[in-house]
Amino acid sequence: KAGVTQTPRYLIKTRGQQVTLSCSPISGHRSVSWYQQTPGQGLQFLFEYFSETQRNKGNFPGRFSGRQFSNSRSEMNVSTLELGDSALYLCASSLDRATEAFFGQGTRLTVV
Amino acid sequence: AQTVTQSQPEMSVQEAETVTLSCTYDTSESDYYLFWYKQPPSRQMILVIRQEAYKQQNATENRFSVNFQKAAKSFSLKISDSQLGDAAMYFCAYRTTQGGSEKLVFGKGMKLTVNP
């Protein structure tokens with residue numbers, strides 16, 4: 001059974017650009033959550049999608065957005081990139097109301 | 001809002017010895033889940049152990065066990081017979097059971113070094 005797949009693994013972008021990250025959940029999982037991990041702030045919740053609907057949202061500016069497709073794959077988009085957006089972005093999938101979230105290996109975004 | 005605190009940023013342990021990682025949390029809810037996740041250099045978060053708040057019995061998974069003190073809002077992880085492969089960042093996490101959300105609230109993490 002394939003795990004959670006995040007693409008790309010590494011990304012370098014310039015300030016002001018936008019970026020799209022992709023997450024393919026484990027087959028059958030309908031919930032996808034996104035987290036930002038930085039040395040200073042640790043792991044912070046971005047948002048959660050379930051059956052193509054955003055179910056929960058963290059405290060991030062509107063430059064951060066996401067969506068989920070009918071096959072449960074999810075994308076997150078960051079517009080007008082800032083240096084502070086440099087981070088490891090982790091995606092997790094789970095069955096609804098499950099007790100375990102499975103994480104991908106993350107996308108390392110560097111903004112220069 | 002729920003918060004999770006890991007007060008020890010780093011710890012080290014000798015191979016084959018036992019180490020305990022501490023975690024405290026704050027919540028007004030009576031039912032929730034608590035987790036310990038491990039993040040090795042590969043960056044992938046791996047679930048180590050989970051505890052459901054309504055269960056009084058402490059969870060155990062092979063060499064990993066927890067000491068769950070609900071009244072004190074404490075959730076420590078004990079690693080017995082430490083192995084070199086246990087070296088990683090360890091994160092304590094909280095998840096509500098309300099509202100159908102899968103959102104995890106993480107502590108800042110603790111770096112565990114295992115010395116041969």
Side-chain angles (χ1 to χ4, degrees), chain A residues 2-6 8-11 23 25-26 29-51 53-60 66 68 72 74 87-109, chain B residues 1-10 23-25 27 31-55 57 59 61 64 66 68 75 88-111:
Chain A
V4 178
T5 303
Q6 291 188 246
R9 292 289 306 280
Y10 301 91
L11 208 47
C23 173
I26 292 172
H29 286 192
R30 294 193 293 168
S31 173
V32 174
S33 299
W34 289 89
Y35 296 85
Q36 181 195 65
Q37 185 176 18
T38 59
Q41 299 299 316
L43 281 147
Q44 293 187 286
F45 173 77
L46 280 156
F47 26 64
E48 177 198 353
Y49 287 87
F50 178 77
S51 291
T53 300
Q54 188 179 88
R55 188 155 70 173
N56 210 340
K57 188 177 191 305
N59 189 26
F60 278 81
Q68 186 180 34
S72 294
S74 177
L88 178 66
Y89 290 88
L90 291 167
C91 164
S93 79
S94 59
L95 293 169
D96 189 31
R97 300 179 190 278
T99 56
E100 181 173 0
F102 294 83
F103 283 81
Q105 287 189 286
T107 294
R108 171 76 67 187
L109 172 65
Chain B
Q2 296 85 19
T3 59
V4 177
T5 302
Q6 293 178 254
S7 56
Q8 303 154 299
E10 288 192 52
C23 172
T24 58
Y25 58 95
T27 183
D31 195 19
Y32 44 86
Y33 295 104
L34 294 167
F35 305 86
W36 278 99
Y37 277 90
K38 167 186 175 181
Q39 187 179 40
S42 68
R43 309 180 326 202
Q44 186 160 19
M45 300 283 279
I46 301 164
L47 179 66
V48 174
I49 199 165
R50 63 174 172 260
Q51 175 79 43
E52 295 164 69
Y54 69 87
K55 291 186 177 179
Q57 187 174 5
E61 287 286 343
F64 300 88
V66 299
F68 173 49
F75 182 59
M89 286 290 296
Y90 285 81
F91 293 90
C92 179
Y94 173 103
R95 206 195 93 204
T96 183
T97 60
Q98 299 177 15
S101 174
E102 302 291 322
K103 172 187 174 182
L104 290 165
V105 178
F106 286 93
K108 291 288 190 184
M110 193 224 67
K111 181 179 180 181

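By convention in this document, chain letters (A, B, ...) are assigned in the order of the sequence lines, proteins followed by strands, and residues within each chain are numbered from 1.
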Selection from A:Ala92, A:Gly42, A:Gly104 maximising heavy-atom pairs under 4.5 Å formed with chain B: A:Gly104
Atom group of A:Gln44 that falls short of 4.5 Å from chain B, counting heavy atoms: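 Contact with chain B: none, neither part.
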B:Arg43 to A:Tyr35 six-membered ring, cation-pi geometry met (6.0 Å, 45°):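 Output no; distance or angle outside limits.
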A:Gln105 and B:Ser42, any side-chain heavy atoms less than 4.5 Å apart: yes
Heavy-atom check, side chain of A:Leu43 versus side chain of B:Tyr37, under 4.5 Å: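 No, side chains not in contact.
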Interatomic spacing from CZ in A:Phe103 to CD1 in B:Ile46 - rounded to 0.5 Å: 11.5 Å
Euclidean distance, A:Leu90 CG relative to B:Leu104 CG, rounded to 0.5 Å: 11.0 Å
Qualifying residues under ring pair (Phe, Tyr, Trp, His ring centres under 6.0 Å), relative to A:Phe60, sequence neighbours excluded: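 With neighbours one apart ignored, the set is A:Phe64.
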Closest contact, heavy atoms only, A:Ser33 versus B:Glu102: OG-CB, 4.2 Å
Crowding at NZ, A:Lys57 (>12 non-hydrogen neighbours, <6.0 Å):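 Yes, because the 6.0 Å sphere around NZ of A:Lys57 holds more than 12 heavy atoms from other groups.
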Part of B:Lys108 lying under 4.5 Å from any heavy atom of chain A: side chain
